[in-house]
Amino acid sequence: MADGPPIEVRELVKVYGDVVAVDRVSLTVQPGDVFGYLGPNGAGKTTSLRMMLGLIRPTSGDVRLFGRDPLLGVSALEGVAGFVEAPRFYPYLSGRANLQLLAGLDGGDATSLIPEVLDTVELTDRARHKVGGYSHGMRQRLGIAASLLRRPKLLLLDEPATGLDPAGMRDMRRLVRRLADSGMTVLLSSHLLNEVEE
């Protein structure tokens with residue numbers, strides 16, 4: 001693992017034509033933090049997360065994850081996982097089968113982690129059911145399970161509680177707290193102030 005805080009962003013800017021999507025964002029997330037990246041819809045949160053994960057190039061500014069530039073390739077994302085917007089799965093496959101496909105892409109011992117990550121997100125009992133029958137909250141938790149297959153030290157989640165009912169929001173808060181208590185650093189974006197405060 002390289003040196004540096006899990007996330008360090010300086011003067012990040014993203015411009016699309018006449019539209020300034022992200023305007024000079026700077027932030028530092030320390031190890032073990034649960035960091036709420038708060039703003040109304042359309043404020044540039046998802047665009048910022050895409051730049052943090054190296055999915056799009058900033059117009060200007062600097063991103064470092066554990067001291068590494070995410071634009072330098074997959075190796076720069078070692079220890080980093082998460083999802084931007086809603087996680088996507090094959091609806092006609094079970095939750096476990098979807099995780100097996102993703103574990104096969106990651107290689108290593110990822111397949112052996114499937115029972116553990118399903119337990120962590122409390123989906124063990126529904127793992128054999130097709131994802132098409134999952135609730136929105138269950139799909140969000142399966143997205144976190146897929147991220148955990150990479151054994152991340154940093155987890156970035158884009159609006160993980162959006163669209164959840166009050167019970168689902170409570171479950172998501174508990175899950176994020178358990179992950180943070182295990183030593184993981186979590187950055188989650190949200191437009192809901194009270195949710196971030198919780």
Side-chain angles (χ1 to χ4, degrees), residues 1-2 6-7 29 34 37 45-56 63 65-66 68-164 168 171-190:
M1 190 74 49
I7 303 176
V29 180
V34 175
Y37 190 45
K45 298 181 304 294
T46 296
T47 302
S48 296
L49 287 176
R50 287 180 190 278
M51 289 186 283
M52 288 179 208
L53 289 168
L55 299 173
I56 58 175
V63 175
L65 304 179
F66 299 106
R68 300 177 306 239
D69 182 344
L71 291 172
L72 295 180
V74 173
S75 63
L77 295 174
E78 179 186 339
V80 179
F83 56 81
V84 177
E85 296 180 344
R88 304 270 187 234
F89 298 100
Y90 292 107
Y92 52 86
L93 295 177
S94 70
R96 182 179 306 277
N98 271 282
L99 292 180
Q100 287 168 335
L101 286 172
L102 292 168
L105 294 173
D106 270 341
D109 66 347
T111 300
S112 68
L113 296 176
I114 291 173
E116 177 186 335
V117 300
L118 284 168
D119 185 56
T120 298
V121 301
E122 299 178 347
L123 282 177
T124 301
D125 292 345
R126 296 293 302 270
R128 61 184 171 74
H129 297 128
K130 291 181 179 178
V131 171
Y134 279 18
S135 69
H136 177 66
M138 291 169 67
R139 286 191 301 274
Q140 293 290 84
R141 293 196 329 256
L142 188 63
I144 293 175
S147 297
L148 295 178
L149 291 173
R150 305 195 76 224
R151 292 186 190 264
K153 294 185 179 352
L154 169 62
L155 187 62
L156 290 93
L157 303 174
D158 189 18
E159 301 266 5
T162 297
L164 300 182
D171 291 346
M172 185 60 69
R173 277 195 304 270
R174 278 194 348 241
L175 174 57
V176 168
R177 177 53 45 209
R178 282 197 319 269
L179 295 172
D181 288 347
S182 75
M184 193 176 300
T185 303
V186 180
L187 180 142
L188 59 92
S189 72
S190 180

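Along the sequence shown, residues carry numbers from 1.
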L188 vs V176 side-chain heavy atoms within contact, under 4.5 Å: yes

Side-chain touch P152/V80, heavy atoms, less than 4.5 angstrom: no

Gap separating the CD1 atom of I56 from the CE atom of M52, nearest 0.5 angstrom: 10.5 Å

Within-4.5 Å side-chain heavy-atom neighbours: L105 and L101: no

Where F89 and R139 come nearest, the two heavy atoms and their spacing: CE1-O, 3.7 Å

For L175 against T120, the heavy-atom pair lying closest together: CD1-O, 3.5 Å

Side-chain heavy-atom pair E85, E159 within 4.5 angstrom cut-off: no

D109, CG atom: more than 12 neighbouring heavy atoms under 6.0 Å: yes

Separation of L148 CG from E116 CD (nearest 0.5 Å): 8.5 Å

Separation between CZ of R126 and OG of S94, rounded to the nearest 0.5 Å: 11.5 Å

Test log, rule side chain to side chain contact (heavy atoms under 4.5 Å, CB included), inputs L156 and L53: CA-CA 9 Å; L156 290 93; L53 289 168; 4.1 Å; yes

Interatomic spacing from CD1 in I7 to CZ in F66 - rounded to 0.5 Å: 8.0 Å

Side-chain heavy-atom pair Q100, L93 within 4.5 angstrom cut-off: no

Full working for side chain to side chain contact (heavy atoms under 4.5 Å, CB included) between F83 and I144: CA-CA 8 Å; F83 56 81; I144 293 175; 3.9 Å; yes

L142 and L99: CA distance, side-chain angles, deciding distance, side chain to side chain contact (heavy atoms under 4.5 Å, CB included) verdict: CA-CA 8 Å; L142 188 63; L99 292 180; 3.9 Å; yes

Contact summary for Y37 and S48, nearest pair of heavy atoms: OH-OG, 2.8 Å

L49 versus S189, closest heavy-atom pair with distance: CD1-OG, 3.9 Å

Expected output: side-chain D119 to main-chain P115 donor-acceptor under 3.5 Å: no

Interatomic spacing from CZ in R178 to CZ in R173 - rounded to 0.5 Å: 13.0 Å

Sidechain-backbone polar pair: Y90 side chain, G95 backbone, donor-acceptor under 3.5 Å: no

Stepwise salt bridge (Lys or Arg N to Asp or Glu O under 4.0 Å) check, E122 with R174: CA-CA 11 Å; E122 299 178 347; R174 278 194 348 241; 3.4 Å; yes

Minimum heavy-atom distance between R141 and V121, given as atom pair plus value: NE-O, 2.8 Å

Student check: side-chain heavy atoms of K153 and T185 closer than 4.5 Å: no

Side-chain (D158) to main-chain (V84) donor-acceptor, under 3.5 angstrom: no

Straight-line distance of R88 CZ to N98 CG, nearest 0.5 Å: 13.0 Å

Heavy-atom donor-acceptor pair, R128 side chain to A97 backbone, under 3.5 Å: no

Shortest non-hydrogen contact between A76 and L72, atoms and distance: CB-CB, 4.5 Å

L187 side chain near L157 side chain, heavy-atom distance below 4.5 Å: no

Donor-acceptor contact present, side-chain R151 to main-chain G79, <3.5 Å: no

Close side-chain approach of V29 and V186, heavy atoms under 4.5 Å: no

